[in-house]
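Everything on this sheet refers to the single structure shown next.
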Amino acid sequence: MVVGPQLEVGQSARDEHKYLQTRAVKACTSRYVANLIVQQIHSNPKFPVKALHEELCKKLKVGMSLQKVARAKSMAERIISGDYQVQYGFLRDYVLELLNTNPGTTVRIDVYPETSLFITTRTFRRIYVCLAALKLGFKSGLRDFLGLDGTFMKGPYPGQVLTAVGLDSNNGTYPVAYAVVETESTSSWTWFLELLGEDLDLGANSNFTFISDRQKGIIPTMEKVFPSAEHGFCLRHIQENMKKQWKGKDLSDQLWECGRATTVNHFNRVMDELKKINEEAHAWLDEGRDKPIITCLEYIREYLMKRFCVVQKEIDKCEGLLTPTATTVFEKIKTDAAKYVAKYNGAGKYQVASTWQDQYVVNLNDQSCSCRFWEITGFPCRHDVCAIWDKIENGENAPYVDEWVHPCYRLSTWKAMYFNKIDPLNGRSMWPKSDCPFTVLPPKHKTQVGRPKKKRRKGVDEPNSQAGRLSRKYLVVTCSKCHNKGHNSRTCKGKGGCGEAGGC
């Protein structure tokens, strides 16, 4: 934009102009800049605002404030990810598209009830998603184990993302279902687990095994929905809570030894040692959590879709009876089994021992051992392997030792879990229109206390400093004014002539 003198009456225009040039261009609005940088932000969402400001000023050769660039980046993010508030209105259309492209998928939307039926809007409360491929694959895995956890949302509408994750045949995580709820409470967990039980055909008397942290809402929910199931606590969370009061590597190692105990006697013995050490030493969907509701759900679905492809490539490379992880674990067991000697009693039982203190009873007819490792893990322990070898060497008709491993660790089971794939979705312009008479509104906005948190809370054993940066702890600073050590220029109080006339 240029500013120059106006022509007086009767004055003709001249070829020579004396205008003042300025870098403040009104046409360079934040919306114009947003459309200009949308592709750049799409490829690099974490582009720093300050670096973006310097690049735009050099590229456009105009002056603009840092605040304008920040507004432009926010507009570009809304263009890419969608508006937080608007996406709730298209939530039912998204569900119809998801059900059409992935038949057998379960989706439930829960809204807050209204006092009058004439109100045509409903406020969003919860949404539950269990994709058909995940549901069928988990049932093919033959592992009655699920981990439950929740994490917070980061957008303007706070909430929690609840997840149910199992284990595949290669001991990898296998997501089963996920939900976005208002808060991690007894009510939300009950709603989530009841829908999960319907999808996985779990009744109230199902003998399933669940593991979670000690969140207050999960404990009464498990007793109500699955009273016959085993509910264990995550040892990792217990360790982090313990470290707040009791520190020391010996204490942590002993705690994990308690978790690995397979017999009551072993557990009690290790617990006694843990108490003794205690007396002596007493002195877990991240990129998508800050996205709008549909973008967040799509981020999870796309991640799972790509994960299935990555695992399928690994499956295609494998050969043999067991999965790679199961093969590695079982090879270690077979190596330890060579140290034992088995003695047969003639009725299907073996006495397996290395020393008189390390001696166990194996019953191959029941596929059990007195150490209980086989019953808990599904792998024949070193005592069982020694007995199986003795059975084969004596000419009895017995399967090969790898065939005694539980079928959930076989390569064929792993293939069955990832046989069904998650299908892609069309864009919003091709979604079917929902005929529901009610419009879904976003939940009530709640302003959180303090500055919004973007990073997760680190554990007590994790380093607080940023990766790649050295800590400034124990570093002696030097004042840039008086050049004395022990303080900086901000806290300088005039030592060595500082602050006096003629001083620094």
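For reference, positions follow the sequence shown, starting with 1. This one's a predicted model, so the numbers in the text were calculated from it and none came from an experiment.
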Hey, are the side chains of [X] and [Y] touching, using non-hydrogen atoms and a 4.5 Å cut-off?
{"X": "Ser187", "Y": "Arg126", "value": "yes"}
{"X": "Leu321", "Y": "Val405", "value": "no"}
{"X": "Thr186", "Y": "Lys224", "value": "no"}
{"X": "Glu182", "Y": "Tyr112", "value": "yes"}
{"X": "Arg143", "Y": "Asn171", "value": "yes"}
{"X": "Phe138", "Y": "Leu146", "value": "yes"}
{"X": "Ile294", "Y": "Lys291", "value": "no"}
{"X": "Asp384", "Y": "Val401", "value": "no"}

Ring-ring centroid check [X] [Y], cutoff 6.0 Å:
{"X": "Phe210", "Y": "Phe226", "result": "yes"}
{"X": "Tyr157", "Y": "Tyr88", "result": "yes"}
{"X": "Phe192", "Y": "Tyr128", "result": "yes"}

- Item | Candidate list Val111, Leu441, Val440, test side chain to side chain contact (heavy atoms under 4.5 Å, CB included), partner Thr121, passing option |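 With Thr121 as partner, Val111, Leu441, Val440 yield a single side chain to side chain contact (heavy atoms under 4.5 Å, CB included), made by Leu441.
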
- Query: Does a side chain donor of either Tyr94 or Glu298 reach within less than 3.5 Å of an acceptor in the other side chain?
  - Reply: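 Note: Tyr94 and Glu298 side chains meet the donor-acceptor criterion.
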
- Message: Under 3.5 Å, is there a donor on one side chain and an acceptor on the other for Asp149 and Thr163?
- Response: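 No, no side-chain donor-acceptor contact under 3.5 Å.
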
First locate atom [atom1] of [X], then atom [atom2] of [Y], and finally report the distance between them rounded to the nearest 0.5 Å.
{"X": "Ile109", "Y": "Arg125", "atom1": "CD1", "atom2": "CZ", "answer": "14.0 Å"}
{"X": "Leu131", "Y": "Thr105", "atom1": "CG", "atom2": "OG1", "answer": "5.0 Å"}
{"X": "Tyr400", "Y": "Ile388", "atom1": "OH", "atom2": "CD1", "answer": "11.0 Å"}
{"X": "His383", "Y": "Ile333", "atom1": "NE2", "atom2": "CD1", "answer": "10.5 Å"}
{"X": "Thr377", "Y": "Arg372", "atom1": "OG1", "atom2": "CZ", "answer": "11.0 Å"}
{"X": "Arg382", "Y": "Thr335", "atom1": "CZ", "atom2": "OG1", "answer": "12.0 Å"}

Donor-acceptor under 3.5 Å ([X] side chain, [Y] main chain):
{"X": "Thr101", "Y": "Asp423", "result": "no"}
{"X": "Thr295", "Y": "Ser81", "result": "yes"}
{"X": "Ser188", "Y": "Thr183", "result": "yes"}
{"X": "Ser206", "Y": "Phe208", "result": "no"}
{"X": "Tyr174", "Y": "Met417", "result": "yes"}
{"X": "Ser370", "Y": "Tyr360", "result": "no"}
{"X": "Asn44", "Y": "Gln40", "result": "no"}
{"X": "Trp431", "Y": "Asn426", "result": "yes"}
{"X": "Trp414", "Y": "Arg410", "result": "no"}

Can you tell me if [X] has over 12 outside heavy atoms packed within less than 6.0 Å of its [atom1]?
{"X": "Tyr32", "atom1": "OH", "result": "no"}
{"X": "Glu114", "atom1": "CD", "result": "yes"}
{"X": "Glu403", "atom1": "CD", "result": "yes"}
{"X": "Phe438", "atom1": "CZ", "result": "yes"}
{"X": "Lys349", "atom1": "NZ", "result": "no"}

- Item | Stepwise side-chain contact (heavy atoms from CB on, under 4.5 Å) check, Leu98 with Val129 | CA-CA 10 Å; Leu98 187 61; Val129 181; 4.2 Å; yes

- Task: Evaluate the side-chain contact (heavy atoms from CB on, under 4.5 Å) criterion for residues Val225 and Leu202: first the C-alpha distance (whole Å), next the side-chain angles of each, then the deciding distance (0.1 Å), finally the verdict.
- Result: CA-CA 10 Å; Val225 181; Leu202 303 180; over 6 Å; no

- For Asn170 and Thr325, what are the C-alpha separation, side-chain angles and deciding distance, and is it a side-chain hydrogen bond (donor to acceptor under 3.5 Å, both in side chains)? CA-CA 5 Å; Asn170 199 42; Thr325 301; 2.9 Å; yes

Can you give me the closest heavy-atom contact between [X] and [Y], atom names plus distance?
{"X": "Asn420", "Y": "Ala133", "result": "O-CB, 3.5 Å"}
{"X": "Thr413", "Y": "Pro407", "result": "OG1-O, 2.7 Å"}
{"X": "Asp336", "Y": "Lys332", "result": "OD2-NZ, 2.9 Å"}
{"X": "Leu148", "Y": "Ala164", "result": "CD2-CB, 3.9 Å"}
{"X": "Ala132", "Y": "Pro103", "result": "CB-O, 3.2 Å"}
{"X": "Ala34", "Y": "Ala72", "result": "CB-O, 3.4 Å"}

- Query: Which pairs count as salt bridge (charged side-chain N to carboxylate O under 4.0 Å, His left out) when at least one residue sits in residues 74-97, sequence neighbours excluded?
  - Reply: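 Residue pairs passing salt bridge (charged side-chain N to carboxylate O under 4.0 Å, His left out), neighbours aside: none found.
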
- Task: Begin from the C-alpha positions of Asn35 and Ile79 and carry the test side-chain contact (heavy atoms from CB on, under 4.5 Å) through to its verdict.
- Result: CA-CA 9 Å; Asn35 295 326; Ile79 295 174; 3.6 Å; yes

- Item | Contacts of Lys135 that satisfy salt bridge (Lys or Arg N to Asp or Glu O under 4.0 Å) - sequence neighbours left out |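 Here the qualifying residues are Asp199.
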
- Given Ser30 and Met75, is the side-chain contact (heavy atoms from CB on, under 4.5 Å) satisfied, shown in steps? CA-CA 8 Å; Ser30 56; Met75 291 181 182; 3.4 Å; yes

Indicate every side-chain donor-acceptor pair of residues 303-313 with a distance under 3.5 Å to a residue at least two apart or in another chain.
from	atom 1	to	atom 2	distance (Å)
Arg307	NH2	Thr173	O	2.7
Arg307	NH2	Thr173	OG1	3.0
Gln312	OE1	Lys421	NZ	3.3
Gln312	NE2	Asp316	OD1	3.0

